[in-house]
Amino acid sequence: DTAVSQTPKYLVTQMGNDKSIKCEQNLGHDTMYWYKQDSKKFLKIMFSYNNKELIINETVPNRFSPKSPDKAHLNLHINSLELGDSAVYFCASSPPGLAGDDEQFFGPGTRLTVL
Amino acid sequence: AQKVTQAQTEISVVEKEDVTLDCVYETRDTTYYLFWYKQPPSGELVFLIRRNSFDEQNEISGRYSWNFQKSTSSFNFTITASQVVDSAVYFCALSEARFGNEKLTFGTGTRLTIIP
C-alpha cells in the first residue's frame with residue numbers, strides 16, 4: 001500500500017553513463033515532482049508535472065529529462081552522469097486543489113552515487 | 001522570489017528538555033503556505049504540519065507546537081519534553097498560492113540531536 005514509490009533505492013554508476021530513476025504514485029494525484037537533496041541536505045525542486053504536462057523546470061541541465069507516461073508515473077532520465085549529480089533524488093506528488101495548499105507526499109528517495 | 005531561512009544548523013539538547021526550531025520566510029505574496037517536514041536518519045521525508053497565511057492560530061499536536069507570526073515572518077516549531085526519537089533533520093518550507101508553481105521552497109534544515 002505504498003503511496004509514492006521509487007526504484008531503485010540505491011544507484012551506483014560511473015561518470016558518463018546514462019541512468020533512469022522511476023517513480024510511481026497510487027494516490028490518484030495529478031501533480032508530481034522531482035527534488036534533489038545534495039550532500040549538505042539542501043532540498044531543491046527540479047521539475048513538476050501536472051497531468052503529464054511539464055509545469056516547472058527549475059534551470060536543470062538538459063542532461064536531465066523527466067518523462068511522464070501517465071499521471072501516476074514520473075521517471076527521471078539522466079544522460080552523461082557527472083560527479084556533481086551524486087545526491088538523493090526524491091519524487092513527490094500532491095492532490096488537485098487550491099494551488100500550493102496541499103501536502104506533498106514524498107517517496108523514500110533514491111541515493112545516486114557517481115564514481 | 002521566496003526564501004526560507006533556518007539559521008540554526010545544528011542543535012543538541014538533553015532528553016526531556018524543550019527545544020524550539022526557528023524558521024523565517026520571505027515572500028511577496030499575500031497568500032502562501034508554510035510546512036514543516038521531518039527527515040529521520042532513515043532518510044524519508046515526513047510531513048508534520050501545513051499552515052496557510054490567513055491562519056495565525058498556533059497549533060499543538062501532542063508534544064509538538066507551532067507558532068506562526070506574520071508580523072515577523074516566522075513559523076517556529078517547538079518540541080516539548082524531547083525524546084531520542086525526535087533526533088532528525090527538520091525542514092521548514094514555503095509554497096506560493098499560484099497554480100503551476102506549487103513547488104516547495106525549503107530551508108537548509110536544522111539537525112536536531114537529542115542526547116539520552
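Remember, predicted model here, so these are calculated numbers, not experimental data. The sequence lines fix the lettering, A, B, ..., with proteins before strands; numbering per chain opens at 1.
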Original post:
Distance from B/Lys103 atom NZ to A/Lys44 atom NZ, nearest 0.5 Å?
Top reply: 6.0 Å
Original post:
In this structure, are over 12 heavy atoms from other groups packed under 6.0 Å from A/Leu115 atom CG?
Top reply: yes
Original post:
For atom NZ of A/Lys22, is the number of surrounding heavy atoms from other residues, nucleotides or ligands below 6.0 Å larger than 12?
Top reply: no
**OP:** Against chain B, label A/Gln37 side chain, backbone, both or neither, depending on which of its atoms sit under 4.5 Å from a heavy atom there.
**Re:** side chain
Subject >> Pairs satisfying ring pair (Phe, Tyr, Trp, His ring centres under 6.0 Å), at least one member in residues 11-30 of chain A, at least two apart >> reply: A/His29-A/Phe105
Original post:
Between atom OG1 of B/Thr110 and atom NZ of A/Lys41, what is the distance when rounded to the nearest 0.5 Å?
Top reply: 13.0 Å
Subject >> Path from B/Tyr25 to B/Ile49 over hydrophobic side-chain contacts below 4.5 Å >> reply: yes
**OP:** Evaluate the side-chain contact (heavy atoms from CB on, under 4.5 Å) criterion for residues A/Phe90 and B/Gln39: first the C-alpha distance (whole Å), next the side-chain angles of each, then the deciding distance (0.1 Å), finally the verdict.
**Re:** CA-CA 12 Å; A/Phe90 285 96; B/Gln39 188 173 40; 3.5 Å; yes
**OP:** Walk me through it: do B/Phe47 and A/Phe106 pass the test side-chain contact (heavy atoms from CB on, under 4.5 Å)?
**Re:** CA-CA 9 Å; B/Phe47 168 80; A/Phe106 283 83; over 6 Å; no
Subject >> Gap between atom CD of A/Glu103 and atom CG of B/Leu104 - 0.5 Å precision >> reply: 10.0 Å
Original post:
OG1/B/Thr108 to CG/A/Leu43 distance, rounded to the nearest 0.5 angstrom?
Top reply: 10.5 Å
Original post:
Does atom NZ of A/Lys71 have more than 12 heavy-atom neighbours from other groups under 6.0 Å away?
Top reply: yes
Original post:
How about B/Lys16: does its NZ atom have over 12 heavy atoms from other parts shown lying under 6.0 Å from it?
Top reply: no
Original post:
With only heavy atoms counted, which part of B/Arg51 is less than 4.5 Å from chain A, the side chain, the backbone, both or neither?
Top reply: neither
